[in-house]
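First comes the structure, then the notes that go with it.
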Amino acid sequence: MEKTAEIVIPSSEREDSMEELRKKYIFLLGGHDGEMAEIKRVLDENGFDYVDKNLAWGANIEDYFTLYKDGHISGREEYQAALHEHIDKYNKRTGLPNDPISITSNILYPDNLQTVAIELDGADKLARDDSTGIKFIDINHHGERSDEPASLIQVLSLLGIKPTREQELIAASDSGYIPAMQELGATQEEIDRIRLFDRQAQGITHEQDQEAERAIEQKEVNGRLTVIKMSHSKSVTITDRLFGQYDQLLVLSQDGASNYFGDGKICKDLHDEFGGWAGGTGLGKKDESAYWGSRAPQGSVLAKIEQKLSRSETIDLEKTIFIVPNNDAEALAIQQLLQEHGADFIITNQPWGASWDGLENTIRQQILENSGKQIFGVELKGNSSFEDGYNIDHHSYSQDDRTTEKTSLRQIAELIGVELNAEQLFIEANDIGYIPEMQKIGERLELMPDEIAYYINQVNELEAKAQGITPEIKEMAKKAVDEAYIYDERFIWIELPSMTAMREVTNILYEKGKYRDLLYNTATISTSEDEGRVIVFSRAEVIAKLKKLYPDEITWNGGGTESGFWGVQVNHNPEKKAQIAGEVRSLLEQELLGYHRLIEQSDIEASRTYSDDVQTHTINNPDAFYTCIKAAHDDNPHGAFLNMDYAPEDYTKMTMFVVNAGAAGIAVKPDGDVVSVFKNPDIARKDSISRINQALMIEALRAGGKKLDCFDGFLPSMYSGVGFVPVCKLKFNDEYSPDGWNFERDGRPDIVFMAHVGDNVETVINRQSNAPYPDITQALADAPYIENYDQASELVQKYLATRSNN
C-alpha cells in the first residue's frame with residue numbers, strides 16, 4: 001500500500017475547514033497524465049484555484065515564470081499576471097482590494113497565500129527560498145524523491161481527504177506502474193481501466209496508437225536492450241503494449257525525447273548525467289524497475305545505456321550449477337564449453353520445448369543436494385521453482401519474451417569470461433539464422449568458401465548428433481519434401497510425421513536453393529497430430545504477425561532481424577492442432593500470396609517446376625478443377641471467353657492441369673482435344689504471371705493434346721508458339737454467343753480450329769529459343785470457312801492423319 005504522506009505543515013492546519021484551505025492554496029499543475037488528471041478533478045470538485053498550462057512530462061517551474069541562474073524570481077509580474085484571473089476570485093473571498101498594483105506588491109501580497117507546485121522541476125529550490133516573497137509547497141515523487149508517496153496521495157493528505165480505492169490504484173500506477181497495482185491486488189480489469197485512463201489523460205490519439213503498433217513491429221533488440229523508434233514521444237503507447245515482454249526498453253522519438261524503462265541504477269546514473277525526468281519505485285536500485293527520460297542527444301543516450309548494459313560480471317563457478325538440454329548443436333557446444341572450464345552442469349534429456357517444470361526427478365534431487373548454489377537453466381521455458389534459479393535464453397515463448405541479441409552460448413561464455421572460437425561462432429550463427437547466418441559470419445571472418453563449407457558441415461553434423469538423426473529419419477524428410485505442397489518460390493507447406501526430421505527437411509530445402517538462401521521464402525512444417533506442432537520459417541514481419549496469433553497456446557520463436565521462425569505446440573489434441581494448422585495456412589496464404597489456394601495437396605498426382613514462379617500440377621479431382629475454372633470465370637470482365645459448358649463430371653475422363661494454386665489451367669480429352677484453357681486474372685497477377693504460360697501447353701502436349709479451337713485474336717498466335725496451326729474457321733453466330741458476351745467491346749471474332757504439327761515435346765521446347773515456329777498471320781487468313789463443327793472436325797482429323805510426324 002502507499003505510505004501516508006508527510007507534508008511539512010503544522011498539524012493544526014490539517015483541521016482547517018475546506019473553505020479556509022481554499023483561501024490558503026493555489027496550485028500550479030505539472031505534466032499531464034492520469035495522476036495529474038485525477039488531481040485536477042479533485043481540485044475542481046472541491047473548488048480550489050489552480051493554473052494549468054497543459055504541460056507534458058518534464059514540466060518545469062520556468063514554464064510559469066522566468067528564473068535567474070541563482071534561482072531567484074525574475075519578472076514576478078509575469079507570474080502574477082498568470083494568476084490574475086484566479087486572484088480575482090481569491091480577493092472577493094478575502095476582501096482584499098482588487099488592484100493589480102497590490103497584487104504585485106511585496107507589502108500587500110497576501111501573506112497566507114501558498115503556491116503548491118505539483119511535479120514541476122525547480123520548485124524545490126523556491127520552496128527553500130524565502131527571498132522570493134512567494135510561499136511555495138513543492139509536491140513531487142520523482143527523481144530524488146521517488147521513495148515518497150505519489151503526488152496524488154500528497155495532495156489528498158494536504159487537503160485532508162482520504163484516498164479512494166481508485167485513487168490508490170492511480171497513485172500506484174504512477175509510482176510503480178503495473179507491478180505496483182498488482183501489489184495492491186488489482187484485477188486485470190482494474191489495471192486495464194487505470195492504464196486507459198492514463199493514456200486518455202495524456203491525450204493519446206488513434207494515430208499515435210497506430211504509430212506505436214508500427215514502431216513495435218520494427219523494434220530492434222540489442223542484447224538486453226529493446227530499442228523502439230517512433231515519431232511521437234507518448235511512450236505509454238509502447239510500455240502498455242509491451243509490458244512483461246522486454247528486459248530493458250528505450251523509446252527514441254523524432255521530437256528528440258528519449259524514454260528509458262529498466263534498471264533503477266542505470267536510470268539514476270542517466271538522470272545524474274543528462275538531467276531530465278526520472279521515477280519509479282526502483283530508482284537508484286540495481287535490477288529494480290524505474291524510468292528516465294530527457295531530450296539529451298539520443299546517440300549519446302543510446303551509447304551510454306549500451307555501455308552500462310554490456311558490462312558483464314563473471315561468476316564463481318564453484319558456486320554455480322548449469323542445467324543444459326541435449327537437443328541441438330548450441331546445447332552440445334554449451335556442454336563442451338562448461339566441461340572445458342570445469343563448471344558443474346546437469347544434462348536434461350528433454351527435447352525441444354524443454355522446461356523447468358519438465359525437469360527429471362533425479363535432476364531436482366541433485367539441485368536440492370547442492371543448496372546454496374545459483375542455478376542457471378539454459379533455454380528452459382517457464383520459471384524456476386528454486387530460489388536461486390535464473391534463465392539463460394535468447395528465444396521468445398508464449399507470454400515470455402526472452403529475445404536478446406546474445407545467444408545462450410555467448411551469454412555463458414561471458415559469464416565464464418572467455419571468447420568464442422570460430423566453430424562456436426558458427427554454432428551461434430546457426431542458432432540465430434541457420435545457414436544464411438553462418439555464411440555471413442564466415443564472410444565477416446574473411447574465410448575462404450571451402451572453410452565456410454567445412455564449418456557449416458561441422459555444425460550440421462553436430463545438429464544431427466544432438467537430434468539423433470538416423471538414415472530412416474533422413475528418408476522420412478526426403479519423402480516429406482517430395483510430397484510437399486509447393487505454391488511457388490514464396491511458400492511451401494510440408495506434412496511431417498515426426499519433429500525429429502525437421503532439421504533434415506530444412507537442409508534439403510536449403511540444398512535445393514544451392515546454398516544461396518532457402519529455395520522457398522516461407523516454409524511451413526506441420527508434424528503429426530500426436531506431436532501437434534506447426535513451425536513456420538519466414539521473413540521477420542511474417543513471424544511478428546504469427547507471434548500475436550495464439551497468446552494462450554504454447555509457442556516459441558527466434559531468429560534474426562531479417563528472418564526467423566515461429567512454432568506452436570498442441571499436444572494430444574488432433575482437432576485443435578488441425579484447426580490451428582488451417583488458420584496458420586490461411587493467414588500465410590493471404591499474407592504471402594494475397595489469395596487462398598483452390599486445390600488441396602490431396603488433389604495433386606504429380607508436379608513439374610518450370611520456373612521460380614510457375615509450377616504445374618496434374619490433378620485428379622474434377623470438382624477442384626471446376627472450382628478453379630469457375631473462379632476464373634466469375635467476376636472476370638472477359639469471363640465470356642471461357643467455355644463453361646462442361647460440368648464437373650465431364651472432367652472425370654480428362655487429364656487436368658493447373659498452375660500453382662489455381663492461377664491457370666487446362667484439360668485434355670482422351671481424343672487429344674485441348675479444352676478449358678483458363679487464367680484467373682487476380683491469382684495470376686499475384687503470382688506475377690502476365691499471360692497463360694506456355695508451360696500449360698507443354699503439359700497438354702505431354703498428355704496427348706493435338707487439337708483445339710479458340711476465338712480469333714491473340715490466342716491463335718499464342719498457340720502457334722508451341723506448334724499449332726490454323727486448319728479452318730467458323731463465323732461467329734450471335735445465336736450461340738456465350739452468356740454475357742460484350743459485342744461492343746469484343747465484336748464477333750471467328751472461331752479458329754487448330755491442329756498440332758506433330759513435333760515431339762522435346763522438339764517443341766527446343767524451338768522456343770532456337771527456331772521459333774513461323775508466323776501464322778497468312779495461314780490464318782488463308783484458312784477456309786466452314787459451316788459447322790462437324791465440318792471442322794473432319795478437316796482437323798484429315799490434317800492430323802496426313803501430318804508427317806503423326
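Using a 4.5 Å heavy-atom cutoff, the side chains of H32 and L55 are not in contact. E166 places none of its side-chain heavy atoms less than 4.5 Å from the side chain of E190. Between L283 and H271 there is no side-chain heavy-atom pair separated by less than 4.5 Å. For the pair L415 and I392, the minimum side-chain heavy-atom distance is below 4.5 Å. You'll find the side chain of I39 reaches within 4.5 Å of the side chain of S151, heavy atoms only. Two residues are said to be in side-chain contact when any heavy atoms from C-beta on lie closer than 4.5 Å; H141 and S175 meet this criterion. Taking the side chain as every heavy atom from C-beta outward, L249 and I228 approach each other to under 4.5 Å. Residues K547 and W566 form a side-chain contact, since some pair of their non-hydrogen atoms from C-beta on lies under 4.5 Å apart.
Atom NZ of K548 has more than 12 heavy atoms from other residues, nucleotides or ligands within 6.0 Å. A 6.0 Å sphere centred on NZ of K40 holds more than 12 heavy atoms belonging to other residues, nucleotides or ligands.
Under a 3.5 Å cut-off, the side chain of Q411 and the backbone N or O of D393 do form a donor-acceptor pair. Of the possible donor and acceptor atoms, one in the side chain of S253 sits under 3.5 Å from a partner among the backbone N and O of H232. Although no hydrogens or angles enter the test, the distance criterion places a donor-acceptor pair under 3.5 Å between the side chain of Q248 and the main chain of D263. In this structure a side-chain-to-backbone donor-acceptor pair under 3.5 Å is missing from E306 to A303. Judged purely by atom type and a 3.5 angstrom limit, Q298 uses its side chain to pair as donor or acceptor with the backbone of A257. Under the 3.5 Å distance criterion, the side-chain polar atoms of D198 are left unmatched by any main-chain donor or acceptor of I194. Q208 contributes a side-chain N or O that, together with a main-chain N or O of T205, makes up a donor-acceptor pair within less than 3.5 Å.
With salt bridges taken as basic N to acidic carboxylate O contacts below 4.0 Å, none links K24 and E20. Under a 4.0 Å N-O distance rule, the pair R145/D138 qualifies as a salt bridge. With respect to D255 and R295, a salt bridge is recorded, a charged nitrogen being found less than 4.0 Å from a carboxylate O. Salt bridge status for E541 with K545: absent, with no side-chain N to carboxylate O gap under 4.0 Å.
Of the candidates L159, L43, L158, L158 is the only one forming a side-chain contact (heavy atoms from CB on, under 4.5 Å) with V116.
Evaluation of the ring-ring contact (aromatic ring centres under 6.0 Å, His included) test over residues 147-166, restricted to residues two or more places apart or in two chains, returns none.
Classified by interplanar angle (parallel below 30°, tilted 30° to 60°, perpendicular above 60°), the ring pair Y291/F261 is tilted.
The shortest heavy-atom contact between D209 and R241 is OD1-NH1, 3.1 Å. Of all heavy-atom pairs between V236 and T239, the closest is CA-OG1, 3.3 Å. The minimum heavy-atom distance linking E35 with L152 is given by the pair OE2-N, 2.9 Å. Between G276 and D121, the shortest heavy-atom distance links the atoms O-OD2, 3.9 Å. V301 and A296 make their closest contact through CG2-CB, 4.0 Å (heavy atoms, listed as atom of the first residue, atom of the second, distance). Of all the heavy atoms in A171 and A150, the pair that sits closest is CB-CB, 3.6 Å.
Of the inter-residue distances, the one linking T115 atom OG1 with Y50 atom OH reads 16.0 Å to the nearest 0.5 angstrom.
Separation of the Y177 and F243 ring centroids falls under the 6.0 Å cut-off.
Every residue was checked against the ring pair (Phe, Tyr, Trp, His ring centres under 6.0 Å) condition with Y260, not counting sequence neighbours, and none meets it.
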